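Quick notes on the structure that follows.
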2 protein chains.
Amino acid sequence: MLSLETLSRETGESVREWAFRTILYNLVNLVLLPGAAVSENDVASALGISRTPVRETFIRLAQEGLLDVYPQKGTYVSLVDEQRVEEGRFMRLCLEGRTVELACEEFSSESMVALRANLQLQRLAISEKNASRFFALDEEFHRIIFATCGKERIWEAIRKMGSHFNRVRVLSLRATDWEKVFSQHERIASSIFEKKTGEARDAMNEHLTKVNYDLGRLRQEYPSYFKTEKGR
Amino acid sequence: MLSLETLSRETGESVREWAFRTILYNLVNLVLLPGAAVSENDVASALGISRTPVRETFIRLAQEGLLDVYPQKGTYVSLVDEQRVEEGRFMRLCLEGRTVELACEEFSSESMVALRANLQLQRLAISEKNASRFFALDEEFHRIIFATCGKERIWEAIRKMGSHFNRVRVLSLRATDWEKVFSQHERIASSIFEKKTGEARDAMNEHLTKVNYDLGRLRQEYPSYFKTEKGR
DNA sequence: GAAACGCACCTTGTATACTAGTATTCTTTA
DNA sequence: TAAAGAATACTAGTATACAAGGTGCGTTTC
């Protein structure tokens with residue numbers, strides 16, 4: 001019997017949206033482990049719904065690369081693909097470096113307020129040692145910058161590409177030096193506020209280049225979660 | 001009665017894959033015009049299949065931003081969103097500029113052969129005045145560069161973001177100076193072959209920056225295809 | 001004993017019936 | 001005549017039945 005963590009269903013939310021949120025949650029929080037078999041029927045009965053919304057969710061997640069569907073055979077949680085992780089790192093480095101330069105040229109005062117509020121909440125999350133909260137605020141920090149520059153879709157694309165890495169990143173959350181990340185965020189924000197283009201780009205690059213610090217270690221620790229060179 | 005252009009079904013291809021290719025074809029070739037209402041039932045009967053594969057295709061296309069689904073109301077072909085076009089231009093400029101630099105550092109001989117063959121075919125397409133063929137070869141030219149650098153997923157992301165613009169680009173195909181585009185391709189290729197990093201990047205930037213040359217004109221000519229500022 | 005066949009059970013793919021919400025249109029009523 | 005309301009004909013959302021291919025295990029047969 002398959003066991004999943006269920007999220008509460010929001011008002012006005014369709015069964016499919018709820019199923020999507022729920023299954024995604026179970027994927028990124030490693031309730032469903034990379035390589036595990038997941039059948040539409042099992043998930044449907046685990047969530048108490050029919051196959052249809054589950055299947056439609058599977059299609060979306062397969063398109064995003066989180067599930068591998070083999071027709072008439074089965075569906076499996078995708079293994080972490082290091083090539084994809086590298087593409088995500090490269091993509092983000094290119095785009096966010098340039099975007100933060102744009103942010104220095106024009107940044108609305110509303111967004112400044114939002115960014116400052118976000119930093120306050122980050123500090124709070126650190127003092128409460130709330131890892132998942134800090135993780136969410138980290139994401140939101142970067143999303144605000146993209147959104148202010150009218151580049152929200154690009155942030156979405158980056159986020160999707162990074163979904164593979166995010167799954168194993170949670171495994172090394174305690175090893176993360178939150179204070180360092182926080183101070184980097186502060187430096188990025190103040191550079192934007194003071195319109196110091198060069199410093200903002202440098203700060204962002206430094207912030208992003210140390211992303212794959214421990215990918216090798218994670219691979220050694222959890223080899224079954226990673227895709228082998230030649231593939232399945 | 002809805003009328004669609006149908007593609008031939010490949011061997012081993014599922015009904016859904018065929019439906020996806022077919023509907024996508026009708027979208028990018030403006031058989032289905034931006035703003036038009038498309039119901040699952042109509043498309044299903046037009047293709048002689050059931051709602052299920054059509055519906056699953058609609059979900060994919062909605063996720064890619066080519067369809068807007070309003071639950072219990074209807075589904076509409078998405079209007080061209082200029083903000084999205086701009087994001088696509090920015091995204092491509094950032095990523096392909098940097099990628100072509102990588103290509104100068106390392107480019108397999110197989111890919112060189114492929115690129116040269118592609119250029120030959122481009123010349124042929126021009127002499128035959130085959131617009132759609134040249135368009136496809138243009139896409140393939142850029143895909144080869146990304147793929148050789150191990151950045152095929154990034155090319156996919158760029159392509160998806162550009163789907164909005166591509167729909168109206170076909171309207172101005174005859175106005176395109178193919179010879180100029182071709183010579184730019186040649187310059188990019190030779191820069192890569194000769195490992196002239198700076199020149200390759202400059203050539204690529206010049207090639208990409210003149211993308212939105214006539215977006216304003218297209219909007220004037222086909223205003224109903226474009227999204228208004230405030231949205232629907 | 002080993003290999004080949006066949007059946008039972010699994011998977012996803014497709015079709016269809018039904019649900020529930022929305023828009024339109026026609027009817028009724030003031 | 002105009003406005004309100006009910007019936008009807010749509011829409012997408014969900015559930016379910018069936019189809020078709022895949023895997024593995026057990027039996028049968030050589």
Side-chain angles (χ1 to χ4, degrees), chain A residues 1-2 4 6-7 9-24 27 32-33 35-79 232, chain B residues 1-2 4 6-7 9-24 27 32-33 35-79 232:
Chain A
M1 183 56 190
L2 180 62
L4 263 46
T6 56
L7 273 44
R9 185 155 164 210
E10 318 236 331
T11 57
E13 188 180 42
S14 70
V15 175
R16 188 179 69 212
E17 289 169 321
W18 173 73
F20 179 80
R21 280 198 306 122
T22 302
I23 298 171
L24 182 62
L27 285 170
L32 293 170
L33 295 174
V38 284
S39 84
E40 296 172 0
N41 266 319
D42 289 353
V43 174
S45 55
L47 298 182
I49 58 181
S50 80
R51 264 185 68 203
T52 305
V54 172
R55 175 176 171 76
E56 291 171 350
T57 293
F58 275 26
I59 290 173
R60 268 190 72 176
L61 292 170
Q63 203 190 340
E64 294 190 15
L66 259 54
L67 293 179
D68 296 323
V69 178
Y70 300 93
Q72 264 73 31
K73 291 181 191 164
T75 300
Y76 301 85
V77 179
S78 68
L79 298 170
R232 173 185 298 269
Chain B
M1 182 59 189
L2 180 61
L4 294 174
T6 58
L7 273 45
R9 185 157 164 207
E10 317 236 332
T11 57
E13 187 180 43
S14 70
V15 175
R16 187 179 71 216
E17 289 170 321
W18 173 72
F20 180 80
R21 280 199 306 120
T22 302
I23 298 171
L24 183 62
L27 285 171
L32 293 170
L33 296 174
V38 283
S39 85
E40 295 173 359
N41 266 318
D42 288 352
V43 173
S45 55
L47 298 181
I49 57 181
S50 79
R51 265 183 67 202
T52 304
V54 172
R55 176 176 169 76
E56 291 172 350
T57 293
F58 274 27
I59 290 172
R60 269 190 72 177
L61 292 170
Q63 203 190 341
E64 295 190 16
L66 258 53
L67 292 179
D68 296 324
V69 178
Y70 300 92
Q72 264 71 26
K73 291 181 191 164
T75 300
Y76 301 85
V77 179
S78 68
L79 298 170
R232 175 184 298 269

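Below, chain A is the first sequence line, B the second, and so on; all start at residue 1. Just so you know, these numbers use all the heavy atoms, side chains as well, and skip hydrogens, waters and symmetry mates. No experiment lies behind these values; they were computed from the predicted model shown.
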* Structure fact -> Atom CZ of B:Arg51 and atom C1' of D:dC18 are separated, to the nearest Å, by 18 Å
* Structure fact -> On a heavy-atom basis, the closest approach of B:Gly35 and B:Tyr76 is O-CD2, 3.7 Å
* To do: Please state how far atom CD in B:Glu13 lies from atom C1' in C:dG13, giving the value in whole angstrom units.
  => 14 Å
* Could you state the atom-to-atom distance from CG of A:Leu47 to P of D:dA15 in whole Å? => 11 Å
* B:Glu56 CD to D:dA12 C1': how many Å, rounded? -> 14 Å
* Structure fact -> d(B:Arg55 CZ, B:Arg16 CZ) to nearest 0.5 Å is 13.0 Å
* Asked: Which whole-number value in Å describes the distance from B:Arg55 CZ to D:dA12 P?
  -> 8 Å
* Asked: Taking the nucleotide of DNA chain C with the closest heavy atom to each, which residue, A:Thr52 or A:Val69, is nearer the 5' end?
  -> A:Val69
Quiz: residues 57-66 of chain A side-chain donor-acceptor pairs under 3.5 angstrom, not counting sequence neighbours:
residue: A:Thr57; atom: OG1; partner: A:Pro53; partner atom: O; Å: 3.0
residue: A:Gln63; atom: NE2; partner: B:Glu64; partner atom: OE2; Å: 3.0
residue: A:Glu64; atom: OE2; partner: B:Gln63; partner atom: NE2; Å: 3.0

* Structure fact -> Walking DNA chain D from its 5' end, the first of B:Pro71 and A:Gly48 to be reached, judged by nearest nucleotide, is B:Pro71
* Structure fact -> Shortest non-hydrogen pair, A:Val54 vs A:Ala44, comes out as CG2-CA, 3.7 Å
* Listed nucleotide nearest any side-chain atom of A:Val15, set D:dT14, D:dG13, C:dG13 -> D:dT14
* **Separation of atom CD1 in B:Ile59 from atom C1' in C:dT14, rounded to whole Å** => 14 Å
* Asked: Looking at OG of A:Ser45 and CE of A:Met1, how far apart are the two atoms once the value is rounded to the nearest 0.5 Å?
  -> 5.0 Å
* Which whole-number value in Å describes the distance from B:Phe58 CZ to D:dG13 P? -> 11 Å
* To do: Assign B:Arg16 to base, sugar-phosphate, or nothing according to its heavy-atom contacts below 4.0 angstrom with the strands shown.
  => sugar-phosphate
* Straight-line distance of B:Leu27 CG to B:Thr22 OG1, nearest 0.5 Å -> 11.0 Å
For nucleotides 8-11 of chain D, print each protein N/O atom paired with a nucleotide N/O atom at under 3.5 Å, atom names and distance only.
residue: D:dT11; atom: OP1; partner: B:Ser39; partner atom: OG; Å: 3.1

* Structure fact -> Sorted by chain and residue number, the side chain to side chain contact (heavy atoms under 4.5 Å, CB included) partners of B:Glu13 (sequence neighbours excluded) come out as B:Arg9, B:Glu10, B:Glu17, B:Trp18, B:Arg21
